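All of these numbers come straight from a predicted model, not from anything done at the bench.
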Amino acid sequence: GKNLRITLEQVSSVIRGLAWTIWEKFPHAWKEKARTCLYHQERNAASYESRKRKQKTKRLITDSS
């Protein structure tokens with residue numbers, strides 16, 4: 001069930017403990033996570049630029065009609 005008395009400090013403590021265990025078991029996991037985050041940021045930026053170009057092209061076509 002839900003424990004309504006749990007605090008953010010308690011949640012943070014559990015998360016730190018789990019993270020420490022993961023990092024000890026997989027010492028290069030943080031590098032992989034950083035690479036994954038960078039990949040997604042670059043992909044999202046490229047997607048945003050592509051949508052911007054398509055909207056601009058669509059407006060040019062619509063305006064010239």
Side-chain angles (χ1 to χ4, degrees):
K2 294 181 181 179
N3 180 353
L4 300 178
R5 297 184 324 188
I6 194 165
T7 67
L8 289 177
E9 285 181 48
Q10 291 169 322
V11 172
S12 175
S13 176
V14 170
I15 290 171
R16 274 194 312 269
L18 289 172
W20 183 256
T21 301
I22 290 169
W23 299 147
E24 280 192 338
K25 210 171 200 183
F26 307 102
H28 300 291
W30 66 272
K31 287 181 183 178
E32 186 59 36
K33 181 52 85 177
R35 259 189 300 237
T36 300
C37 288
L38 182 61
Y39 165 77
H40 284 100
Q41 288 171 349
E42 289 173 349
R43 191 180 73 177
N44 289 342
S47 174
Y48 177 75
E49 288 301 318
S50 175
R51 280 188 302 227
K52 236 167 68 171
R53 281 193 306 273
K54 286 180 183 177
Q55 285 177 344
K56 186 177 180 181
T57 302
K58 188 176 181 180
R59 265 190 258 121
L60 288 173
I61 292 171
T62 305
D63 291 345
S64 65
S65 297

Rounded at 0.5 Å granularity, tell me how far [atom1] in [X] sits from [atom2] in [Y].
| X | Y | atom1 | atom2 | answer |
| --- | --- | --- | --- | --- |
| H40 | R43 | NE2 | CZ | 4.5 Å |
| K58 | R51 | NZ | CZ | 13.5 Å |
| T36 | E32 | OG1 | CD | 4.5 Å |

#### Entry: L8, CG: over 12 other non-hydrogen atoms inside 6.0 angstrom
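Atom CG in L8 is not crowded, with 12 or fewer foreign heavy atoms closer than 6.0 Å.
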### Task
Taking the side chain as every heavy atom from C-beta outward, state whether E24 and W20 have any pair of such atoms under 4.5 Å apart.
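Yes, their side chains come closer than 4.5 Å.
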### Query
Would you say Q10 and V14 make side-chain contact, with heavy atoms under 4.5 Å?
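No, every pair of side-chain atoms sits at 4.5 Å or beyond.
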### Message
Testing the basics here: between W30 and W23, what is the closest heavy-atom pair and its distance to 0.1 Å?
### Response
N-CZ3, 3.6 Å
### Side-chain donor-acceptor contact under 3.5 Å, T57 with R53
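No donor-acceptor contact under 3.5 Å links the two side chains.
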### Query
Side-chain heavy atoms under 4.5 angstrom apart, residues restricted to Ile, Leu, Val, Met, Phe, Trp, Tyr: same cluster for I6 and I15?
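I6 clusters together with I15.
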### Message
Just to verify, what does K52 make a salt bridge (Lys or Arg N to Asp or Glu O under 4.0 Å) with, not counting sequence neighbours?
### Response
E49
